Amino acid sequence: MDKLVIQGGVPLNGEISVSGAKNAALPILCASLLTAEPLTLGNVPQLHDIATMRKLLVHMGVKIEQLDNNQISLDASDIHTCEAPYDMVKTMRASILVLGPLLARFGHVRVSLPGGCAIGSRPVDLHIKGLQAMGADIRIEHGYIEAKADRLKGARIFMDIVTVTGTENLMMAAALAEGTTVLENAAKEPEVVDLAECLVKMGAKIEGVGTDVITVTGVANLHTASHDVVCDRIEAGTYMVAAAMTGGEVKLKRARADLLDAVIDKLRESGAVVEHDSDSITVRSEGVLQRQGALRSVSVRTAPHPAFPTDMQAQFMALNTVADAVATVTETIFENRFMHVQEMQRLGASIEVEGNTAIIRGREFLEGATVMATDLRASASLVLAALVARGETVIERIYHLDRGYERLEEKLSQLGARIQRIK
Ligand code: UD1
C-alpha cells in the first residue's frame, strides 16, 4: 500500500490550479442516466471515487469515452441492468445517487444499502421517504433497496435534516416526474447548485437552487448537454489552510472565493491575508515556521452551507494544533468525525474530545511520526500537520487521499513541499 513521506518545515510558495469538485462530479455522472442522449463533461477530476462511479455506470451499460484528461462523454442509451450490487456500493456511499435517476427513467431500480461508514451511521431514510412521497413502492430486502414506480409524481417533500446527496437524488428523480415537486429544507451546497445547472442544460425545469426551497417541474425527457464541473472548494480550502500554517504566498488558480466565505473568514481570523479575484484566491501568511505564535487559534462549528463545512473541520483542527491559544472545533453534521484526533496526538498535538467538541491547545511545534489516514478529510489534516512538524512524517493508508485529492503530492511539491509517495 502506498505511503506519503513528508519532511516538514518548508514554507509554501507558488501557484497551483484547483481541480473539479469530486462531490459535484459524482452526482453529475449519475445525471447521465436520466437521458438516452450523450452528456459531455469537462473539469472531471481524476480520482479514485470518480473511477468507482464510472465502473458502476459501465456495469449498468453506460458507454464512457475519455475525450481528454478531464473531459468525458457518457452515453446511457443502452442500459441493461438497473442494479447497483453490494460489492460496488460498499466502497463508496455516493453510489446511492443512481437510485433517483434510474427509478425516474426506467421505473425500477435495485441498489444495495450503503454499509457502515467510518464517519458515522449515515442513513439514507430521507432519500427513500422522498421517493415514496413521489409514489414509489419501496422495499428493503436482503440488504437492497428495491424501488418501483410506473411514473413518479410530483410531491411536496420536507426533509427534516439537510442532506446533500438526498437533495441531489430527489432533484434528479423529480426532473422526470409528472408534475411539480417542491423540496423543502433542501441543501444549498454549491455542488447541488452545479448539478442543477447541468440538469437545466439537459432540459430540466428547476427553480430555487441555492435556497432551501427547490421547485422542480417534471418533463417527459431530458436531452444532450455539455457541462464543466465547478471547482473543488474543499480542495481549495485545504491548500489555503496549508499556506496559512506554513507561511509563504500561495495562489490557487480556478478557485472561487464566493463558495468559501466561512472558510475565508476563519482564515483571516487566524491572521492570514486572503485576497481574490473572480477565479483565483491568494493566501499570504507569516506562518508558524517563521514565527511561533504567528497563527491565532480559531474556533469553528460545522453546519450546512453557507456555514462552516464539515469537510474542512479536520484541516482547521490541524491549524489549531500549532496556533497561539485554545480553540474548539464542534462537529454538528456527523457523529463520529474525530478519528484524526488520535493520529494528530501521535504528532504531539494537544487535543481533548468532549462529545461533539474537540478542545485544541496550540503547541509550539509538532514532531514527525508515523500516522495512519482514516478517512478522506482526516488524511488531508494529517498532511497539513506533517508540513509544519519537525522532521519526517510517514502517512500510511493514503488510498483515502487518492479518493478525493487529484495529484496531491505533485501540487504540494510544486509549492515547495518535501513530499514523496512510496509505493
Ligand atoms: C455529502 C458529501 C460529504 C459531506 C456531506 C455534508 C458527497 C458525495 N458527499 O455527503 O463530503 O461531508 O455531504 O456536507 O456529496 N442523513 C439522514 N438521513 C438521510 C441522509 C442524511 O439522517 O437520508 C444525515 C446524515 O447522517 C448526516 C446529515 O444528514 O448526519 C448530513 O448528511 P448528508 O448531507 O446526506 O451527507 P452526504 O450527502 O452523504
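As the structure lists them, so they are numbered: ligands from 1, and atoms in each ligand from 1. Worth saying up front: this structure is predicted, and the values here are computed from it rather than measured.
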Is it the side chain (CB and beyond), the backbone, both or neither of [X] that lies under 4.0 Å from ligand 1, heavy atoms counted?
X      : result
Thr163 : both
Arg337 : side chain
Asp125 : both
Val164 : both

- Query: Charged N to carboxylate O below 4.0 Å: is that the case for Glu184 and Arg156?
  - Reply: yes
Looking at ligand 1, does any of its N/O atoms fall within less than 3.5 Å of an N/O of [X]?
X      : answer
Thr165 : yes
Leu26  : no
Asn23  : yes

- Item | ligand 1 contacted by Ile96 (non-hydrogen, < 4.0 Å) | no
- Message: Quick check: do Tyr399 and His48 have side-chain heavy atoms less than 4.5 Å from each other?
- Response: no
List ligand 1 atoms under 4.0 Å from [X], heavy atoms only on the residue side.
X      : value
Thr310 : 6 (C), 12 (O), 14 (O)
Asp311 : 3 (C), 4 (C), 11 (O), 12 (O)
Val124 : 19 (C), 23 (O)
His127 : 23 (O)
Arg93  : 39 (O)

- Query: When you measure from atom 27 (C) of ligand 1 to each heavy atom in Thr302, Asp375, Ile333, which option holds the nearest one?
  - Reply: Ile333
- Item | From Gly166, Ala21, Pro123 - option closest to atom 21 (C) of ligand 1 by heavy atom | Pro123
- Query: Would you say Thr302's side chain and Thr310's backbone share a donor-acceptor pair under 3.5 angstrom?
  - Reply: no
- Message: Looking at Glu235 and Ser19, would you say the former's side chain and the latter's main chain have a donor-acceptor pair under 3.5 Å?
- Response: yes
- Trace of the side-chain hydrogen bond (donor to acceptor under 3.5 Å, both in side chains) decision for His305 with Glu191: CA-CA 10 Å; His305 192 74; Glu191 294 74 23; over 6 Å; no
- Query: Taking atom types as modelled and ignoring hydrogens, do the side chains of Asp49 and Thr52 form a donor-acceptor contact shorter than 3.5 angstrom?
  - Reply: no
- Message: What's the separation between atom CD1 in Ile351 and atom NE2 in His340, rounded to the nearest 0.5 Å?
- Response: 7.0 Å
- Does CZ in Arg397 sit with more than 12 non-hydrogen atoms of other residues, nucleotides or ligands closer than 6.0 Å? no
- Any chance you could lay out the side-chain contact (heavy atoms from CB on, under 4.5 Å) test for Leu170 and Thr181, step after step, and finish with the verdict? CA-CA 9 Å; Leu170 297 177; Thr181 300; over 6 Å; no
For residues 58-68, run the donor-acceptor check on the side chains, cut-off 3.5 Å, and write out each pair with its distance to 0.1 Å, sequence neighbours left out.
from  : atom 1 : to    : atom 2 : distance (Å)
His59 : NE2    : Glu83 : O      : 3.4
Gln66 : OE1    : Arg54 : NH1    : 2.6
Gln66 : OE1    : Arg54 : NH2    : 3.2
Gln66 : NE2    : Asp68 : O      : 2.8
Gln66 : NE2    : Asn69 : O      : 3.0

